[in-house]
Amino acid sequence: MIKFYSGNIACAEGAIAAGCRFFAGYPITPSTEIAEHMALRLPQVGGIFIQMEDELASMAAILGASWGGMKAMTATSGPGLSLMQENIGLGAMTETPCVVVDVQRAGPSTGMPTLIGQADVMQARWGSHGDYEIIALSPSSPQECFDLTIKSFNLAEEYRVPVILLMDESVSHMSEKVIIPPKEKIKIVERKKPKVKPSEYLPFKADDYVPPMACAGEGYAVHVTGLTHDEKGYPQATSPEVQEKLVRRLCDKIRKNERKLRDIEEFEMEDAKLAIVSFGTTARSCKAAVKRARKRGYKVGLIRLRTIWPFADEYFEKIANEIKQFVVVEVNYGQIKLEVERCVGKKVHLLPKMGGEIHKPEEIYKKIKEVYNGN
Amino acid sequence: MRKEIKFSGFGGQGIVLMGNIAARASAIYDGKNAIFTPSYGPEARGGAASSNVVISDDEIDYPYVTEPDVLVAMSQEAYEKYAPMLKDGGLLIIDEDLVKLKNGEGKVAKVPATKIAESLGKRIVANIVMLGFFTAVTKLISYEAIKKAVLESVPPKFKELNEEALDKGYERGKKVKDGKNGKMA
């Protein structure tokens, strides 16, 4: 089926296709159409939509829904993501599968409500206190808003972690062709369930980093706490040993699976001497600039990050020697640039924008020429 | 070939819908690549409204309209605001009763879209008259595609009215294109 969807509508439809049947949110530009569309669609498929009193409650509600056995999502923008942080941490600590969509606008604070920003990259990673790892994905088109929303749910279920879909205002409001595959062609992942009897079930015992998850009402004991907890789920808030084991596992279940979670689109990278690194809508401008530069003989390629977190450390470490120069193009003042620099171990060039618009291909092309020719 | 189109007018004329229909027609029914972006901001609440469409046979990378090949203006304010953006040699399409041209225009095609809509009994379909005219004059979208996209965008009881509006605009556009009635100056 071919549809003509905006990124926001494609995201909502992706959620429905992934099996999301609970949405709690508080409207905020530029994400509001997601809530609006979920309010229309969820009742049609037997789901629940709640407009909450604020973002704190929205995040709490989707955690609760997830523990009730549902696939749950909320959608917001930067200011709302800030308010959700406390409960995102609770989601990470309690290993609660859920999806948080952040349609980024320019910040800080209320910033530019109707215009693009890409500066929530770091907030997505460690906006809550304590050590944890999270997954964040970033789409460049309405098609990817659909596809990556489904993927977000699948990863949330597989890894039992809140997944943040880092959209941006541009991709959220542009409409483009979206191909919706038949239902049976869409891969859906469900959370692992315990195979043991209720009396033998340890809710936070993991054999491969991710413990099987029994939800309320399934006959198993369910202990959910933000306090440091042992395998039974009981609070052990004075035991450094339990803390060591738990937090290490919370981080390692993501870190050790970085290669599996990696999702990078390479364009013209085979013989590239200079690599542009970008994500989201901005990467589209980069692609146009790379095409232009290639026509004029520059050996330039594009690395587009679809998975932002966990960061593809190993990938960048590997290509650090082959690629002479890196230029990161992003609508913030260097958040991904520092990550790339950390991995490649040399100076990385930055073409930033503070927000309100994406780069024009000419600007990127000019930067490519400058860096390539060593000016 | 990448073509950029900007539809503009004042709030309430259905300018955003025009862009959406045009891009959808091209993407779904003509099988091309097309992107629609509404102008999105506080200014959309009054004054000049616009919506933007990029159509291409190739992949569309940069999604925004910066130098329109075609500018459709349905209000004086929109014309004055956006005409300077028009590409050299680009085509300006106006509602001739709502826009008074200043000097130094390039290619212009004029249609009394609002008057035609009024003659059909509903001023609100002026945008659809204009879409028909635009389709005939620019040939960027096929008639079949625009018709399907228009008809699926309107409630069943207004299908006939909108079809008529589209056809009136289209016929008018064909005549202008052929130079039979009013020429492209």
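Every chain is numbered from 1 and lettered A, B, ... according to where its sequence line falls, protein lines coming before strand lines.
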**Report entry** Per-residue contact mode, A:Ser170 against chain B (heavy atom under 4.5 angstrom)
**Finding:** both
Query - A:Tyr298 six-ring centre to A:Lys369 NZ/CZ under 6.0 Å and within 45° of normal - result: no
Query raised in the report: If you count heavy-atom pairs under 4.5 Å with chain B, which of A:Lys287, A:Glu357, A:Met112 comes out on top?
Result: A:Lys287
Requested in this report: Under 4.5 Å heavy-atom distance to chain B, tell me which part of A:Lys3 shows up: side chain, backbone, both or neither.
Outcome: backbone
Query raised in the report: Tell me, side chain or backbone of B:Asn52 under 4.5 Å from chain A's heavy atoms, or both, or neither?
Result: neither
Requested in this report: Using modelled atom types only, decide if a donor and an acceptor are shared between the side chain of A:Glu144 and the backbone of A:Pro139 within a distance under 3.5 Å.
Outcome: no
**Report entry** Close aromatic pair by centroid cut-off 6.0 Å: B:Phe7 and B:Phe134
**Finding:** yes
Report task. Taking the six-membered ring for Trp and the single ring otherwise, decide whether the centroids of B:Tyr143 and B:Tyr170 are under 6.0 Å apart. Result -> yes
